[in-house]
Amino acid sequence: MKYIGDNHFDALLTDPVSPCGQIIALHFSIPSIFFLRLVPCAFEVRAAQGPDPPSYVPRMFSENTDHMTFSERVKNFLIALSESFICSIAYSPFEELASEFLQKPMTMTELLSHGSIWLRRIDFVFEYPMPVMPNMVFIGGINCAKKKPLHKVTLCRLPSLLPLWPSPEIGFPCLRVVPPCPV
């Protein structure tokens with residue numbers, strides 16, 4: 001922990017299935033980058049405040065598609081209810097750990113809501129269409145033998161959003177080299 005605190009990292013790359021990395025990122029106020037395929041219980045959707053109605057979005061392991069009959073929608077809804085119960089039990093130790101370590105009550109959704117960027121290892125070719133938030137980047141194919149290159153990203157600062165960005169003194173020194181957006 002001392003090593004992390006002393007070295008002022010720019011970001012923390014972690015898998016949100018086990019939220020220990022996110023707890024550390026919150027403790028040191030480090031932006032977190034999530035690298036994942038999916039998180040059980042659709043935590044990633046709720047944490048990013050994306051829509052996830054169980055009557056339309058197929059649940060994991062349901063074998064439903066995005067075109068469901070009424071009975072499949074009911075089954076999907078029941079799976080969503082059971083996920084909520086099972087995940088509250090499965091992730092309660094992490095919530096207790098985070099609450100104790102960060103000295104404030106935390107839920108899994110609150111923990112994961114602080115993710116800066118979500119690198120999703122899925123592709124719409126193999127998944128059902130779903131609404132996603134702007135900080136979710138699809139990098140499907142990265143686990144395949146022939147990897148497709150990541151797109152180049154141009155960073156710029158918007159003057160109106162500047163107060164929301166961490167200052168360079170707090171541990172985001174790359175902002176010194178990020179130019180303002182052209183007008």
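Since the structure is predicted, the reported quantities are computational estimates derived from the model, not experimental observations. Just so you know, residue 1 is the first one in the sequence shown, and it goes up from there.
Atom OG of S32 sits about 6.5 Å away from atom CG of L26, to the nearest 0.5 Å. Note that CZ of F28 is 5.5 Å distant from CD1 of I4, once rounded to the nearest 0.5 Å. One distance of note links CG of N76 with OG1 of T69; it measures 10.5 Å at 0.5 Å rounding. From E95, atom CD reaches atom CD1 of I23 across 10.0 Å, with rounding to the nearest 0.5 Å. Atom CZ of F70 and atom CD of E72 lie 12.0 Å apart (nearest 0.5 Å). For the atom pair L36 CG and M136 CE, the distance stands at 7.5 Å (nearest 0.5 Å).
Listed for the S99 side chain is a donor-acceptor partner under 3.5 Å among the backbone atoms of M106. Proximity of a side-chain donor or acceptor of D15 to a complementary backbone N or O of V17 within less than 3.5 Å is detected. The backbone N or O of C41 lies less than 3.5 Å from a partner atom in the side chain of R46, making a donor-acceptor pair. Listed for the E110 side chain is a donor-acceptor partner under 3.5 Å among the backbone atoms of T107.
Using cut-offs of 30° and 60° on the angle between ring planes, the pair F43 and Y91 is perpendicular.
At a threshold of 4.5 Å between side-chain heavy atoms, the hydrophobic network of Ile, Leu, Val, Met, Phe, Trp and Tyr places V137 and F35 in one connected group. L102 and L97 end up in the same hydrophobic cluster when Ile, Leu, Val, Met, Phe, Trp and Tyr side chains are linked at under 4.5 Å. Hydrophobic clustering (side-chain heavy atoms under 4.5 Å, transitive across Ile, Leu, Val, Met, Phe, Trp, Tyr) groups F94 together with F101. Note on M133 and L119: separate hydrophobic clusters, where clusters join Ile, Leu, Val, Met, Phe, Trp and Tyr whose side-chain heavy atoms are under 4.5 Å apart, directly or indirectly. Following chains of ILVMFWY side-chain contacts shorter than 4.5 Å, one can reach Y3 starting from I24, so the two form part of one hydrophobic cluster.
When side chains are defined from C-beta on, Q22 does not count as touching P16, because their heavy atoms never get closer than 4.5 Å. The side-chain heavy atoms of W118 and E44, taken from C-beta on, include a pair separated by under 4.5 Å.
Closest approach of L111 and A98 over heavy atoms only: CD1-CB, 3.8 Å. Taking both residues in full, the closest heavy atoms of G21 and L12 are given as O-CD2, 3.2 Å, listed atom of the first, atom of the second, then distance.
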- [ ] Tell me, with the steps shown, if T14 and F34 meet side chain to side chain contact (heavy atoms under 4.5 Å, CB included).
- [x] CA-CA 5 Å; T14 185; F34 295 138; 3.6 Å; yes
Task: Residue pair E83, I79: steps toward the side chain to side chain contact (heavy atoms under 4.5 Å, CB included) verdict - done: CA-CA 6 Å; E83 274 182 355; I79 290 172; 4.2 Å; yes
